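Just so it is clear, the model here is predicted, and its values are computed rather than measured. For this chain, numbers begin at 1 and follow the sequence in order.
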Amino acid sequence: MTEERAEALALQILTYVLADPKQISRFLALTGSDPQDLRNIASSREMQLATLEFLLSDEGLLLAFCQENGIDPALIAPAHQLLAGPIDD
């Protein structure tokens with residue numbers, strides 16, 4: 001997993017979430033995002049992490065996204081870890 005692939009995956013997930021009105025409301029509520037600002041912040045590291053965390057928090061959504069997009073669900077957590085950076089002890 002490269003950083004570029006992790007970023008692209010986060011954007012792909014965001015697009016998937018935004019295509020579902022039920023998920024949009026939940027995503028915006030959980031992230032505290034403003035629908036009008038999403039376009040401007042979609043590529044920010046914070047939004048990428050929030051998007052990956054959102055997907056990881058809902059196994060059903062995770063599996064549906066991965067199945068629809070032909071992605072191994074085991075790739076999502078490593079993508080999040082890569083974008084989150086090293087954990088300081």
Side-chain angles (χ1 to χ4, degrees):
M1 174 73 58
T2 66
E3 189 170 324
E4 284 182 355
R5 176 67 181 123
E7 291 171 351
L9 185 57
L11 287 174
Q12 187 177 3
I13 295 165
L14 182 59
T15 301
Y16 180 81
V17 168
L18 296 179
D20 182 344
K22 177 183 166 193
Q23 296 300 333
I24 293 171
S25 297
R26 187 169 157 256
F27 179 78
L28 293 175
L30 290 173
T31 62
S33 301
D34 182 332
Q36 297 171 347
D37 290 334
L38 278 179
R39 185 179 305 265
N40 296 331
I41 62 172
S43 63
S44 73
R45 183 57 50 101
E46 292 81 14
M47 183 54 67
Q48 292 167 352
L49 288 169
T51 301
L52 290 162
E53 289 167 7
F54 180 77
L55 191 68
L56 288 167
S57 73
D58 184 332
E59 185 178 8
L61 181 62
L62 168 68
L63 295 175
F65 167 78
C66 290
Q67 182 176 3
E68 187 172 314
N69 291 282
I71 295 171
D72 182 351
L75 294 176
I76 307 301
H80 178 270
Q81 290 172 341
L82 179 66
L83 294 180
I87 298 173
D88 295 330
D89 290 334

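Between Ile13 atom CD1 and Leu52 atom CG the span is 4.5 Å, to the nearest 0.5 Å. Taking CG of Leu9 as the start and OG1 of Thr51 as the end, the distance is 10.0 Å to the nearest 0.5 Å. Between the OG1 atom in Thr31 and the CD atom in Glu53 there is a gap of 10.5 Å [rounded to 0.5 Å]. Atoms CG and CD1, from Leu14 and Ile24 in turn, are 9.5 Å apart once rounded to the nearest 0.5 Å.
Looking at every heavy atom in both residues, Leu63 comes nearest to Pro73 through CD2-CG, 4.0 Å. Considering all non-hydrogen atoms of both residues, Leu75 and Met1 come closest at O-CE, 3.6 Å. Shortest non-hydrogen contact noted between Ser33 and Ile41 is OG-CD1, 4.4 Å. Nearest heavy-atom pair across Ala84 and Leu49 is N-CD2, 3.6 Å. Shown here for Leu82 and Ala6, the closest heavy-atom pair between the two residues is CD2-CB, 4.0 Å.
Counting only residues at least two apart or in different chains, ring pair (Phe, Tyr, Trp, His ring centres under 6.0 Å) contacts with residues 2-24 comprise Tyr16-Phe65. Sorted by first and then second residue, the ring pair (Phe, Tyr, Trp, His ring centres under 6.0 Å) pairs involving residues 30-53 (not counting sequence neighbours) form an empty list. Pairs of residues two or more places apart, or lying in two chains, never qualify as salt bridge (Lys or Arg N to Asp or Glu O under 4.0 Å) while including a residue from residues 59-83. Sorted by first then second residue, the salt bridge (Lys or Arg N to Asp or Glu O under 4.0 Å) pairs that include residues 3-18, not counting sequence neighbours, are Glu3-Arg45, Glu7-Arg45. Applying the side-chain hydrogen bond (donor to acceptor under 3.5 Å, both in side chains) rule to pairs touching residues 18-29 yields Gln23-Arg26, Arg26-Asp58, sequence neighbours excluded. Screening residues 23-56 for ring pair (Phe, Tyr, Trp, His ring centres under 6.0 Å), with sequence neighbours left out, gives Phe27-Phe54.
Connection of Met47 to Leu11 is not established within any shared hydrophobic cluster, with ILVMFWY side chains joined at heavy-atom distances below 4.5 Å, either directly or through further cluster members.
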